[in-house]
A.B. asks: 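I'd like to ask you about the structure that follows.
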Amino acid sequence: MTKDKKELAVAALRNGTVIDHIPSDALFKVVDLLDIKSLTGSVTIGFNLDSALMGKKGIIKIADVTYPESTLNRIALIAPHAVINVIKDYEVVEKHRVTLPDELIDIVKCNNPKCISNNEPMHTHFHVVDRDNTVLRCHYCECLVTKDEVTLKSVSYTHLTLPTNR
Ligand code: ZN
């Protein structure tokens with residue numbers, strides 16, 4: 001893709017969020033993570049686009065939605081090099097990479113079937129122990145989960161009402 005065309009593709013969005021440099025094999029996981037199916041505005045999803053940097057990549061353009069930093073940073077779990085562009089009036093007003101948070105609350109499932117978080121109605125809780133290689137440790141059973149083993153919780157957490165009795 002030429003530079004001009006790339007800028008045009010981003011500029012096509014008047015207001016919203018563009019998530020770029022998503023590895024193709026992580027694209028639909030990011031779609032799930034952001035609960036894009038529940039949005040009512042227009043969303044453009046590019047899959048297997050040519051990328052000089054990555055070979056093939058995915059891109060998601062979401063009109064009229066901006067996400068809190070904490071939500072966007074969850075993307076780092078599955079697409080550590082994703083780049084966030086915030087668009088206002090066709091201009092990129094913000095551009096930054098995602099950053100993996102230190103702790104992940106109710107985002108990842110624990111892979112240990114005996115873990116209390118898989119057997120009680122409760123939130124999962126992971127600590128990031130290796131940021132570069134994406135290794136997580138369960139707060140409850142200390143089970144380690146690496147990037148390739150990550151299973152995202154299927155709850156659409158963006159609309160989740162947190163229990164008040166915690
Ligand atoms: Zn666990």
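Values below: all heavy atoms of this structure, side chains included; hydrogens, waters and symmetry mates excluded. First listed ligand is number 1; within each ligand, the first listed atom is number 1.
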A.B. asks: Using a cut-off of strictly less than 2.8 Å, determine whether C143 has an N/O/S atom near the Zn ion (ligand 1).
C.D. replies: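 False for C143.
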
A.B. asks: Would you mind checking if K56 and D25 are paired as a salt bridge, meaning a charged N to carboxylate O distance below 4.0 Å?
C.D. replies: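 No salt bridge links D25 with K56.
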
A.B. asks: Is N118 reaching over with its side chain to a backbone N or O of N112, donor-acceptor style, under 3.5 angstrom?
C.D. replies: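 A pair under 3.5 Å: yes.
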
A.B. asks: Could you tell me whether the side chain of N48 and the main chain of K57 form a donor-acceptor pair under 3.5 Å?
C.D. replies: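 No.
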
A.B. asks: When you measure from the Zn ion (ligand 1) to the N, O or S atoms of H139, does any of those distances fall below 2.8 Å?
C.D. replies: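 It does not; every qualifying atom lies at 2.8 Å or beyond.
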
A.B. asks: Working to 10°, measure the angle at the Zn ion (ligand 1) formed by atom SG of C110 and atom SG of C141.
C.D. replies: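 For SG of C110 and SG of C141, the angle centred on the Zn ion (ligand 1) reads 100°.
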
A.B. asks: Ignoring hydrogens and geometry, is there a side-chain-to-backbone donor-acceptor pair from N85 to D20 under 3.5 Å?
C.D. replies: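 Answer holds: no.
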
